[in-house]
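First the structure, in the form of structure tokens, and then the observations on it.
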Amino acid sequence: MTAPATDSPAPIRDPIRMEDLVALCRRRGFIFQSSEIYGGINGFWDYGPLGVALKRNLKDAWWKDMVLCPPDGPDGEPLSMVGVDCTIIMNSRVWEASGHVGGFNDPMVDCRESKARYRADHLAVLVAREDDGSRRMMAFIEGDDAQREKAGKVLAKYERAEFSPDRYMVRPFTSLARTDLTRVVGPDAKEPGTLTEPRAFSLMFKTNVGALEDASSIAYLRPETAQGIFANFQNVLDSTRVRVPFGIAQIGKAFRNEVTPRNFTFRSREFEQMEIEFFIRPDSAGEWYAFWRELRHRWWRSIGLTGANLVLREHDRDELAHYAKEGAGTCDIEYRFPFTAPGFGELEGVAHRSDFDLRRHAEFCGKGEKMRYFDQEKNERYFPHVIEPSAGADRGTLALLCEAYTPDPSRPSGVVMKFHPRMAPVKAGIFPLVNKDGMPEVSERLHRELRARFAVEHDPKQSIGKRYARMDEAGTPYCFTIDSDTLTNQTVTVRERDTLSQERIALDKVGAFLAEKIGG
RNA sequence: GCGGGAGUAGCUCAGUGGUAGAGCGUCAGCCUUCCAAGCUGAAUGUCGCGGGUUCAAGUCCCGUCUCCCGCUCCA
């Protein structure tokens, strides 16, 4: 990480208007709607020339800071990290092992009151035989006799009658009409009408491998990159010299058929993740969880999210995922997006996933206990636990855009994108003050020299003010301008984006100046 | 998924059932010695898409897609 993280809280400014940011992103080529000429497609976005540069800077910084050159771990040793790049389509068994197929392919019913979720085909209701369409119904989980009995008692009490089985009948929940839902009391609820209709939660994109479309050819686009890492755990152990504790990192696309894509790129159906599975001894989960939590929080600050818009939020126990119920904890690193303000939206989750995934794969692939890791030092076998920092590359890019967007009525452009120099898509603009008198020749030469090391743009046309304004909207931190003095004393002016200040530096020191300011 | 709003040039928008418009931006030329200056010119439109009504639809009606806002949802 090049820039030190600061802890000084910045004041919370008024949220920017999202439509203004979206308009700028389109106008300047950061982000376009996918398939726009055909009317678009909901939940898919393309990155334009500036956007791809910004996102690539984010991913490159992550890879460099987490994989190539991470800081020392809590034990004082250099972190052991390696990378992989796995396929998007994997053997379907992977998703059975991970729990993505099965639990979420069947129609599910949610309870608004208790927040519980039930498989619709596992629910039944108790209702009076002489139901006239207005009697209360009690839902219970089929096969759970205790709950069924309790439902009967509650119902009888409600109707101020003695419970007798022949006065009531059991109907499958799935046989109920939509209009009946308002009088159904959920298994864990007190009030009627809190259950939703059965809904299919098949949030994975389905496809077929091979030309034949039959049941055996069904495959899924991965909903997370993590499983590719788990599935290759043994391969990495066997082919490298890493030993616990170590991490495997991956950047790649993932796909979720979101119910409601919203808020620009925030909830896209195709998105890119930057994930680490860090494998540890089970008894060290606490310290590694704390380590990653702090490291990841610090990292986001180091690339420009320095203000009060970035927070670290520990999850409550009841919102934990199925794989993290017991463990050191789960937290989100969240950003106050304009569309979530005053609330926050998730940028990254850091979770203690326990040994859930490795165990499940060991079980499903049939190798079982043989897949346990052998710890030479301790002379014992175990399934390593996992701390997973899982960040959204698109959400991160969006946060950088939101953070950078700074309206400034005093400038010609009206807005300036104040990217951290390391993230800026274009590091410097190179201009001849006027496009004649030997200036363009000098600026072209400088451009040729710098472009080998930095993302720079040469722009000789139109008025100088117009060119500065364009660079403000692109978020370019520096502009170097060749004027008539350059021809006599070999100096150029440096125009600084955020302060609008100008100073003269030697023409042959421009590369060193940039290297010092932005690294590289 | 529900309710509300919007969609006309790259952007912001005007457009009364009767020839498709403006400003800005973009591009070219001239001019211009530091912040979208000026002058001249140019390019850019399936009026979101599909039906319908009409002699005639950007305009009225129906459907649909996309975006925005509020709920709902988010393994």
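Proteins come first, then strands; the chains are lettered A, B, ... in the order of their sequence lines, and each starts at number 1. Not measured: the values here are computed from a predicted model.
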(message) Generate the contact string for nucleotides 3-14 of chain B. Rules: B means base contact, S means sugar-phosphate contact only, - means no protein heavy atom under 4.0 Å.
(response) -------SS---

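Residues satisfying the side-chain contact (heavy atoms from CB on, under 4.5 Å) criterion with V52(A), sequence neighbours excluded, are Y47(A). In this structure H458(A) satisfies the side-chain hydrogen bond (donor to acceptor under 3.5 Å, both in side chains) test together with S443(A), sequence neighbours excluded.
Rounded to whole Å, the C1' atom of U16(B) lies 13 Å from the corresponding atom of G58(B). Using P as the reference atom, G10(B) and A6(B) are 22 Å apart when rounded to the nearest Å. The gap from the C1' atom of C13(B) to that of C47(B) amounts to 13 Å, rounded to the nearest Å. With P as the reference atom, G41(B) and G5(B) are 45 Å apart, rounded to whole Å. Annotation: G23(B) and A9(B) have their C1' atoms spaced 12 Å apart (nearest Å). Separation of the P atoms belonging to U64(B) and C2(B) is 10 Å when rounded to the nearest angstrom. Taking atom C1' in both A22(B) and U8(B), one finds a spacing of 13 Å when rounded to whole Å. Comparing A57(B) with U12(B), their P atoms sit 28 Å apart, to the nearest whole Å.
Summarising the base pairing, C67(B) is matched to G5(B) through a Watson-Crick or G-U wobble pair whose two defining distances lie under 3.5 Å. The partner of C27(B) is G41(B), judged by Watson-Crick or G-U wobble contacts that both fall below 3.5 Å.
Judged by distance alone, with hydrogens and angles left aside, R28(A) brings a side-chain donor or acceptor within reach of the base of A36(B), the pair sitting under 3.5 Å.
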Check residues 429-441 of chain A and write down every donor-acceptor pair under 3.5 Å in which the side-chain atom is one partner and the other belongs to a residue at least two apart or another chain.
none

Please list, for nucleotides 44-49 of chain B, all pairs of protein and nucleotide N/O atoms separated by less than 3.5 Å.
none

Give me the distances for all protein-to-nucleotides 40-43 of chain B N/O pairs that come in under 3.5 Å?
none

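Under 4.0 angstrom from either OP1 or OP2 of C34(B) there lies no side-chain N or O belonging to K466(A). Considering only side-chain N and O atoms, Q33(A) lies nowhere under 4.0 angstrom from the phosphate OP1 or OP2 of U66(B). Phosphate contact (OP1/OP2 of U26(B), side-chain N/O of R470(A), threshold under 4.0 Å): present. Checking the phosphate oxygens (OP1, OP2) of C27(B), no side-chain nitrogen or oxygen of K461(A) falls inside 4.0 Å. Side-chain N/O atoms of N42(A) include one lying less than 4.0 angstrom from OP1 or OP2 on C67(B). For C27(B), the OP1/OP2 oxygens have a side-chain nitrogen or oxygen of Q462(A) closer than 4.0 Å. Taking 4.0 angstrom as the limit, S463(A) places none of its side-chain polar atoms (N or O) nearer than this to OP1 or OP2 of A36(B). Between C69(B) and N263(A), a contact under 4.0 Å exists linking OP1 or OP2 to a side-chain N or O.
Seen from the ring of F205(A), R269(A) does not count as a face-on cation partner, given the 6.0 Å and 45° thresholds.
Here the C1' atom of nucleotide U33(B) and the OH atom of Y468(A) are 11 Å apart, to the nearest Å. Rounded to a whole Å, the CH2 atom of W95(A) is 13 Å from the C1' atom of A75(B). Protein atom CZ of R467(A) is 15 Å distant from nucleotide atom P of G25(B), rounded to whole Å. Between the CH2 atom of W45(A) and the P atom of C67(B) there is a distance of 6 Å, rounded to whole Å. As rounded to whole Å, 9 Å separates atom C1' of A36(B) from atom CD of E473(A).
Here the NE2-CD1 distance, from H352(A) to I280(A), works out to 5.5 Å after rounding to the nearest 0.5 Å.
Of the candidates C69(B), U33(B), A75(B), the closest approach to any side-chain atom of F339(A) belongs to C69(B).
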